[in-house]
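Heads up: the structure comes next, in structure tokens.
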Amino acid sequence: MKHYYLFLVIILFNSCQYFEKQVPSEKELLQKELKSINWKEVDEYPSVVDCEKIDDKKQRQQCFFEVLTQLIQEKLSVDTLSVLYPELDTIEVKVTIFSNATMQFEPQFPKDSVAYDRIKIDSILKARLIDFPKVNPAIKRGIPVKTQFILPVILKVE
């Protein structure tokens, strides 16, 4: 009987280790969470007040791009770009919206293009593309983030 109790006590002490669960480290949990996040997509796209009432994510994004493209076209339509460069009918503009709701615009040219004075066009864009309505930055996991995209802007509407 003593051997039975001794055997039972040994089994009880050894079985306790089966109830212990390995707790993953903070670094492992962080790495796992970082791998699960899609860094190419945002939870909410940037938006302007006119598009805030739209609930659908894709429609809100489309509304934002249309409003922004229209504002850029209006601001550039009264400028000398079409006079200086009559062959230039569309320009691609890289738009950066920072997490603090500020915006930056950069013209995008083909790599082999030497027909345009890049500095002059860039300075015209910087001078014209100011005083935009308030833009709410994109949201990723509840935090405002920086986003970039390229918009084709038509300069000549015939």
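All values derive from a computational prediction rather than experimental measurement.
- Although no hydrogens or angles enter the test, the distance criterion places no donor-acceptor pair under 3.5 Å between the side chain of Arg60 and the main chain of Asp55.
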Open item on the list: Apply side-chain contact (heavy atoms from CB on, under 4.5 Å) to residues Lys134 and Val49 and explain how you reach the verdict.
Closed with: CA-CA 8 Å; Lys134 184 179 183 315; Val49 175; 5.5 Å; no
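- Judged as a ring-ring contact (aromatic ring centres under 6.0 Å, His included), and not counting sequence neighbours, the contacts of Phe105 are Phe132.
- In this structure, Lys140 places its NZ atom where more than 12 heavy-atom neighbours from other residues, nucleotides or ligands lie under 6.0 Å away.
- When all heavy atoms of Val145 and Val42 are compared, the pair lying nearest together is CG2-CG1, 4.0 Å.
- Put simply, the side chain of Pro133 reaches to within 4.5 Å of the side chain of Leu71, judged on heavy atoms.
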TODO: Let me see the working for Gln108 and Glu106 under side-chain contact (heavy atoms from CB on, under 4.5 Å), right down to the final yes or no.
DONE: CA-CA 6 Å; Gln108 300 294 298; Glu106 294 176 50; 3.9 Å; yes
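- The two residues Pro137 and Ala101 come nearest to each other via the heavy atoms CD-CB, 4.1 Å.
- Of all heavy-atom pairs spanning Phe64 and Cys51, the tightest one is N-SG, 3.5 Å.
- Using a 3.5 Å distance cut-off with no hydrogens or angles, the side chains of Asn136 and Glu44 do not pair a donor with an acceptor.
- For Glu26, there are no salt bridge (charged side-chain N to carboxylate O under 4.0 Å, His left out) partners, not counting sequence neighbours.
- At a cut-off of 3.5 Å, with distance as the only test, a side-chain donor of Glu66 or Gln62 sits close to an acceptor on the other residue.
- The shortest heavy-atom contact between Val135 and Pro46 is CG1-CB, 4.3 Å.
- Applying the ring-ring contact (aromatic ring centres under 6.0 Å, His included) test to Phe65 and every residue at least two apart in sequence or in another chain returns Phe149.
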